[in-house]
Amino acid sequence: MKRYKDLSPPPRTIMTPGPVEVDPRVLRAMSMPILGQFDPAFTDIMNETMEMLRELYITDNQWAFPVDGTSRSGLEAIMVSLIEPGDKVLVPIYGRFGHLLTEIAERCGADVVTIETEWGTVFDPQTVQQAILQHRPTIVAMVHGETSTGCMQPLAEIGHFCREHDVLFIVDAVATIGGVPFYTDEWKVDAVMGGTQKCLSVPSGMAPITYNDRVERKIQNRKSIERGLRPVGDIPSAVLSGHHRIASNYFDLAQLQDYWSPKRLNHHTEATSMLYGLREGLRILLEEGLEARFARHAENGAAIVAGIRGMGLELFGDDAARLPVVTCIYIPAGVDGESVRSMLLHDFGIEIASSFGPLQGKIWRIGSMGYSSSRKNVLHVLGALEAVLIHHGVSLPAGQGVQAALRVYAGQKEVTYQ
Ligand SMILES: Cc1ncc(COP(=O)(O)O)c(C=O)c1O
């Protein structure tokens, strides 16, 4: 009989855009004994998690809870519950995950309109505003931080414009939540979908979401009409059509919110250990403090940028749109990008990411998220990358990458090498 060894994952420094390293406190929390999902000791944990998610999302929304599944389960839950066949949905695309939003909206039967900007750039908010006026969508769906391009879209202006024009604004904040400021209420975002495996530093397997009463009304009206009831309340015109049944049971937010409400209506079997992990991840985040956490991510991102420039490499993407938690670097001409990644992994125990679609084989992506976003990790990855590149025959100013990063940590001005 074949014998299987004890599980023993090799130690790794994970500098990718996720999944990233997890705080040992989260791993410990996940090994706690299982509770029944209607046990008051467990429902207290659910309530505390909701409270902490409201702090994370900087919102007064009643609804803030995780969907069980990877991050796209949050996207699907919001979109399948909200979008009715024929709804016009505008998706401004500036990378791979805009295409994912488009695909999900299409599967929901939406009349999808897309606008695109070159990968490595983001939209001028006015371009999105013009598209809203031209196409008159019910919903605008956008990505806040594009892990595929290392760019971040400013949202406040677009959010305010959507609210003024009675459009629902839904945002994929999977890459940014917990690492970069995100002001749900202030930016007038109606629904936000986050991820656990990135800046929250919890394993993949839950998708924390939040949404406001505008979103809830549309979902509840679909439910009311499905049950042959009249729509309730004062419904914004953008929200009223509601005659198509929500096409998923698993992702039906009307049912999920009943489960997360004091009614505790049975829906799915809760992923108990994941919830323990998320609760601990949020507790760690709030102990650190949102501002301090954002500052840590910004500093480590700046140190990577300085380090990469210090070693004479070229960054991909518009400087003004840089996502602080994912840095994209052109692979130098003549260098086998996969061979570099493989040597980093096998000789140094460090993982960095390759890329997708049009950028495949052209750039590497270095993540600096959550527990992985540390000075130690940044200095290790820069030092190791220099060594591996020299080994691959690249001529670069040896030592300068790490020195440039050290200057950032010393509070000195970044030195750039063109
Ligand atoms: C911006 C963004 N959105 C959505 C997703 C999808 O997340 P998942 O693969 O966990 O379903 C990812 C994953 O990397 C992402 O980076």
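Ligands are counted one by one from 1 in listed order, and the atoms in each one are counted from 1 as well. Source: prediction; values computed, not measured. Heavy-atom basis, side chains included; hydrogens, waters and symmetry copies ignored.
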**Asked** Passes side chain to side chain donor-acceptor pair (under 3.5 Å), H380 versus T13? Steps please.
**Response** CA-CA 9 Å; H380 280 190; T13 298; 4.8 Å; no

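- For ligand 1 and T70, the ligand atoms under 4.0 Å from any heavy atom of the residue are 8 (P), 10 (O), 11 (O).
- Looking at E146 against ligand 1, nothing comes within 4.0 Å, counting heavy atoms.
- With hydrogens left out, the protein atom closest to atom 7 (O) of ligand 1 is S71 CB, 3.2 Å, a heavy atom.
- Ligand 1 is approached by Q197 to a heavy-atom distance shorter than 4.0 Å.
- Every atom of ligand 1 with a heavy atom of G145 under 4.0 Å away is listed here by number and element: 1 (C).
- Looking at E21 and N377, their side chains do bring a donor and an acceptor atom within 3.5 Å of each other.
- Classified by interplanar angle (parallel below 30°, tilted 30° to 60°, perpendicular above 60°), the ring pair F65/W260 is parallel.
- Shortest contact from atom 14 (O) of ligand 1 to any protein heavy atom: K198 NZ, 2.8 Å.
- Note: H268 and Y259 have perpendicular aromatic rings, judged against thresholds of 30 and 60 degrees for the angle between ring planes.
- Distances between N or O atoms of S204 and those of ligand 1 include no value under 3.5 Å.
- The nearest heavy-atom contact from the protein to atom 16 (O) of ligand 1 is T147 OG1, 2.5 Å.
- Under the 4.5 Å side-chain criterion, counting only non-hydrogen atoms from C-beta, I139 is in contact with I83.
- Atom 5 (C) of ligand 1 has F97 CE2, 3.4 Å as its closest protein atom, hydrogens excluded (heavy atom only).
- In this structure, atom 9 (O) of ligand 1 lies nearest to the protein heavy atom R72 NH2, 3.2 Å.
- The protein heavy atom nearest to atom 3 (N) of ligand 1 is D172 OD2, 2.6 Å.
- Two residues are said to be in side-chain contact when any heavy atoms from C-beta on lie closer than 4.5 Å; V167 and T138 fail this criterion.
- Residues S71 and T196 have side chains not in contact (no heavy-atom distance under 4.5 Å, counting atoms from C-beta outward).
- A donor and an acceptor atom, one from each side chain of N61 and T210, are located under 3.5 Å apart.
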